[in-house]
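Since this is a predicted model, take the numbers as computed values, not measurements. So that the names make sense, note that chain A is the first sequence line, chain B the second, and so on, each numbered from 1. Computation of the quantities below employed the complete heavy-atom set of this structure, encompassing side-chain atoms and omitting hydrogens, waters and symmetry-equivalent molecules.
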Amino acid sequence: MSNSGGQSTGLARIASTFARARAEGRAALMPYFTLGYPDAATSRQIVRAIAAAGADLIELGVPFSDPLADGPTIQHATQVALDGGITPTHCLVLTSRLRADGVTQPLLLMGYINPILAYGVERFVTDATAVGADGFIVPDLPPEEAGALEAACRTHGRALVYLLAPTSTPERVTTIAARTSGFLYLVSLAGVTGARDALPVDLSGFVERARAAAHCPVAVGFGISTPEQARAVGRIADGVIVGSALINTVTTAADPAAAAAHFVRDLRAALAPTPSR
Amino acid sequence: MSQRISEHVPSLHSGQALSGAERCSRSVVEGSASQRVSRLASQQVTQYPIPNTQYPIPTTISPLPAKFGPYGGQFVPETLMPALAELEAAYLALRSDPAFLAELDDLQRTYVGRPTPLSHARRLTAHLGGAQVYLKREDLAHSGAHKINNALGQALLARAMGKRRIIAETGAGQHGVASATAAALLGLECVVYMGRVDMARQQPNVLRMQLLGAEVRPVDSGSRTLKDAINEAIRDWVANVGDTYYLLGSALGPHPYPTMVRDFQSVIGIEARAQILAQAGRLPDACIACVGGGSNAIGLFHAFRDDPCVRLIGVEAAGKGLDSGLHAARFSGPRVRGGRPGVLHGAYTYVLQDEDGQIAATHSISAGLDYAAVGPEHAHLRDLGRAGYTAATDDQALAAFQLLSRIEGIIPALESSHAVAEAIRLAPELAADQILLVNLSGRGDKDLDTVMQALEGRK
Ligand SMILES: Cc1ncc(COP(=O)(O)O)c(C=O)c1O
């Protein structure tokens with residue numbers, strides 16, 4: 001595959017993916033799924049199905065024993081994956097298998113900092129690049145602490161995506177928007193991950209503030225649960241991230257991969273531009 | 001005690017002026033000092049080489065230093081970064097506010113019962129046949145442990161910040177009780193997260209928290225102990241950061257907690273230092289404290305940090321033995337699957353973890369020491385060699401618990417019993433003119449069930 005491995009930079013692949021979605025008049029769809037849930041082989045099938053069903057980019061969760069930014073759904077998926085023996089090394093192997101399976105979308109590894117420290121920051125970025133990962137999202141690593149990872153990502157042309165929260169001060173919005181690469185990840189609400197019934201009321205103001213400061217696409221995640229919510233967010237943001245709701249769908253399904261594909265297809269359809277009448 | 005408690009917090013950072021009699025050199029010159037020093041030197045706790053970390057930590061721009069050497073920092077979700085900055089600013093302002101310090105001072109005296117006594121454990125000393133053992137009696141502080149020093153300080157801070165809701169985590173339940181106590185005193189709402197395993201083994205403290213008006217929320221994730229209670233408290237804080245104050249109970253977590261908690265606990269060492277000078281006429285040869293997150297230890301150590309002849313000894317939980325895999329010894333555990341630098345709960349510090357960076361399960365008979373990470377300032381003190389860290393097993397702690405109860409009429413907390421165990425080990429190796437100052441961080445009423453069960457199990 002020409003787009004596995006590091007020839008084209010992850011940054012360029014992410015940028016062109018957002019640009020393509022924008023040219024189609026819609027936001028990019030970015031599902032999140034925990035690697036190793038409910039087991040390694042099934043998670044591989046699920047991600048493959050998500051990719052075939054219309055995901056534009058995919059976040060691959062790297063399980064950590066103490067996911068303090070995550071709500072019950074991802075905590076549970078993480079625990080099941082860890083109980084099944086998944087390690088960061090397995091996650092990299094799974095990533096390479098997904099590339100071998102023909103998954104061409106940008107892949108972002110999402111995980112906490114301690115396993116990356118244990119693996120070795122530079123080595124992790126090198127190996128992740130080699131297996132075809134395009135970037136990293138590390139929710140417990142604010143830019144103040146991210147020097148080493150940021151440097152390694154720059155060397156390897158990978159994205160290090162920073163998060164903004166509704167609580168971020170104007171100064172932080174400015175500096176984080178300037179330092180993020182790939183895209184800017186807006187945490188829609190003050191809280192942990194998890195499906196929610198409604199979107200926060202002040203979301204559009206937050207997106208506007210972030211967009212005014214950003215030099216790159218702006219994606220919104222945390223709490224987006226239904227195609228209707230995805231459509232609403234897609235009207236104001238460049239990217240829509242759905243994690244816990246997808247995992248919930250898989251958890252209750254007899255055929256996890258088929259259920260995941262079905263849900264992603266619905267999300268993607270909701271993002272399609274409404275034909276003007 | 002001539003020093004007002006209100007002087008304690010700021011004095012930490014300005015450094016205290018010492019009179020000649022208080023200086024370390026004075027006590028070293030006295031008696032068989034050179035002998036003492038060489039004897040102590042030969043007993044230095046084993047120091048391991050500093051592990052390689054591939055992670056150069058940049059400095060956080062912040063009014064108070066966010067790091068102790070490479071340790072500490074703020075590894076938290078973005079949602080909390082502004083809250084930590086707000087907390088730091090509020091703490092900085094209050095720390096030098098005379099009205100705040102006067103109120104804290106007044107409460108420490110008239111509510112907590114400070115200064116707590118320093119007791120010369122004469123029968124224990126005679127029994128051990130070596131160094132004189134003195135006990136700093138934090139077990140006599142209101143609510144039964146040193147935890148109230150920090151809880152009260154932070155609850156006053158919360159009130160000053162206009163936060164009506166306090167959340168806290170607890171392991172042994174002592175910090176939960178202290179937080180519930182401070183919240184009741186100041187009329188604040190209080191929610192305490194506690195692992196289901198800890199709720200079972202510290203049942204009396206669950207009932208106390210409830211009587212004090214706090215809501216105790218059981219935590220069923222992970223190992224259902226202190227680590228998981230902190231995860232849950234952080235998740236609550238992330239979701240309710242606007243109106244909620246997170247009252248963290250030990251000298252751990254993201255900056256500014258390790259500094260702030262240490263400041264509020266440093267009253268222990270400031271009092272103890274003055275008391276030992278008054279009672280024994282000299283500084284101790286060693287200060288000994290148990291180390292869970294590290295707050296009672298850092299609170300004792302801090303006043304002695306510039307007294308080079310005073311050894312600082314932290315005692316971790318060796319659980320069922322350092323080679324059993326069932327312990328909470330971050331520093332003194334085995335190199336394989338032992339503690340090494342990493343990130344847990346917002347700080348870069350020594351963490352018990354597996355080779356993949358997953359946080360290890362820990363074990364201790366004492367809920368308060370049963371934790372995978374340690375306060376970052378201890379990591380720094382250890383690397384500097386200024387403090388040494390050793391460990392006591394469940395059995396050694398139990399034996400110390402029983403001995404102190406019978407021989408001194410003091411029932412210590414199981415956490416504190418680890419410090420007593422180290423004194424029991426060390427005192428006979430020292431001369432009768434040497435002094436060990438042990439922090440008795442809490443009382444043992446909460447542990448009666450655990451102790452009875454452990455003793456039953458042996459029969
Ligand atoms: C009596 C007592 N001592 C010690 C500890 C350990 O905490 P730290 O290391 O912060 O003093 C606890 C914690 O619950 C405790 O209750």
Side-chain angles (χ1 to χ4, degrees), chain A residues 63-72 75-76 78-79 82 86-90 111-124 138-152 162-169 171-172 176 185-187 189-194 222, chain B residues 52-62 66-67 72-86 220-223 227-228 230-242 254-255 340-348 351 353-361 372-373:
Chain A
F64 174 53
S65 55
D66 292 78
L68 52 74
D70 286 303
Q75 282 178 50
H76 172 75
T78 295
Q79 194 56 53
L82 289 172
I86 193 93
T87 67
T89 304
H90 292 146
Y112 292 79
I113 186 60
N114 199 55
I116 298 177
L117 292 179
Y119 196 99
V121 171
E122 166 64 29
R123 193 162 80 87
F124 188 71
V138 188
D140 61 345
L141 194 71
E144 282 86 343
E145 309 288 2
L149 185 58
E150 208 177 276
Y162 288 122
L163 298 93
L164 271 185
T167 55
S168 301
T169 56
E171 301 77 58
R172 293 190 68 82
I176 292 172
Y185 190 138
L186 303 199
V187 176
L189 44 78
V192 293
T193 58
F222 281 44
Chain B
N52 268 330
T53 98
Q54 313 179 22
Y55 197 57
I57 308 277
T59 351
T60 305
I61 300 151
S62 163
K67 298 216 161 122
Q74 297 180 317
F75 295 81
V76 296
E78 170 61 20
T79 310
L80 295 181
M81 291 297 283
L84 291 173
E86 182 197 6
D220 280 315
S221 56
S223 56
K227 161 177 89 70
D228 312 285
I230 297 177
N231 287 340
E232 229 27 66
I234 292 176
R235 290 179 186 123
D236 180 320
W237 199 30
V238 169
N240 300 290
V241 65
H255 175 72
R340 58 196 157 84
V343 169
L344 182 62
H345 296 145
Y348 182 71
V351 181
Q353 53 187 310
D354 70 12
E355 50 281 7
D356 293 319
Q358 310 296 354
I359 307 306

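For B:D228, the part lying near chain A is the side chain, with the backbone staying farther off; criterion is any non-hydrogen pair under 4.5 Å. Residue A:P72: no heavy atom, backbone or side chain, is found under 4.5 Å from chain B. Only the side chain of B:V241 comes within less than 4.5 Å of a heavy atom of chain A; its backbone N, CA, C and O stay farther away. Interface residue B:I359: backbone and side-chain heavy atoms are both found under 4.5 Å from chain A.
Separation of atoms CG (B:L344) and OG (A:S65) is listed at 7.5 Å; rounding is to 0.5 Å. For the atom pair B:F75 CZ and A:L68 CG, the distance stands at 12.5 Å (nearest 0.5 Å). Here the OG1-CD distance, from A:T169 to B:E86, works out to 11.5 Å after rounding to the nearest 0.5 Å. Expressed to the nearest 0.5 Å, how far CZ of A:F222 lies from OG1 of B:T79 amounts to 7.0 Å. A distance of 7.0 Å separates CD in A:E144 from CD in B:Q74, rounded to the nearest 0.5 Å. Rounding to the nearest 0.5 Å gives a distance of 11.0 Å between CD of B:E78 and CG of A:L186.
Among all heavy-atom pairs drawn from B:R235 and A:D70, the shortest one is NE-O, 2.9 Å. Closest heavy-atom contact between B:P82 and A:S168: CG-CA, 3.9 Å.
By the side chain to side chain donor-acceptor pair (under 3.5 Å) test, A:D140 is found to be paired with no residue, residues two or more places apart in sequence or in another chain being considered. Here A:L163 pairs with A:I137, A:Y185, A:V187 under the side-chain contact (heavy atoms from CB on, under 4.5 Å) rule; sequence neighbours left out.
Chosen from A:T167, A:I116, A:N114, A:L189, the residue pairing most often with chain B at heavy-atom distances under 4.5 Å is A:N114. When each of A:A69, A:A165, A:P142, A:P139 is checked for heavy-atom pairs under 4.5 Å with chain B, A:P142 comes out on top. Of the listed residues (A:Q75, A:H76, A:Q79), the one with the most heavy-atom contacts under 4.5 Å to chain B is A:Q75.
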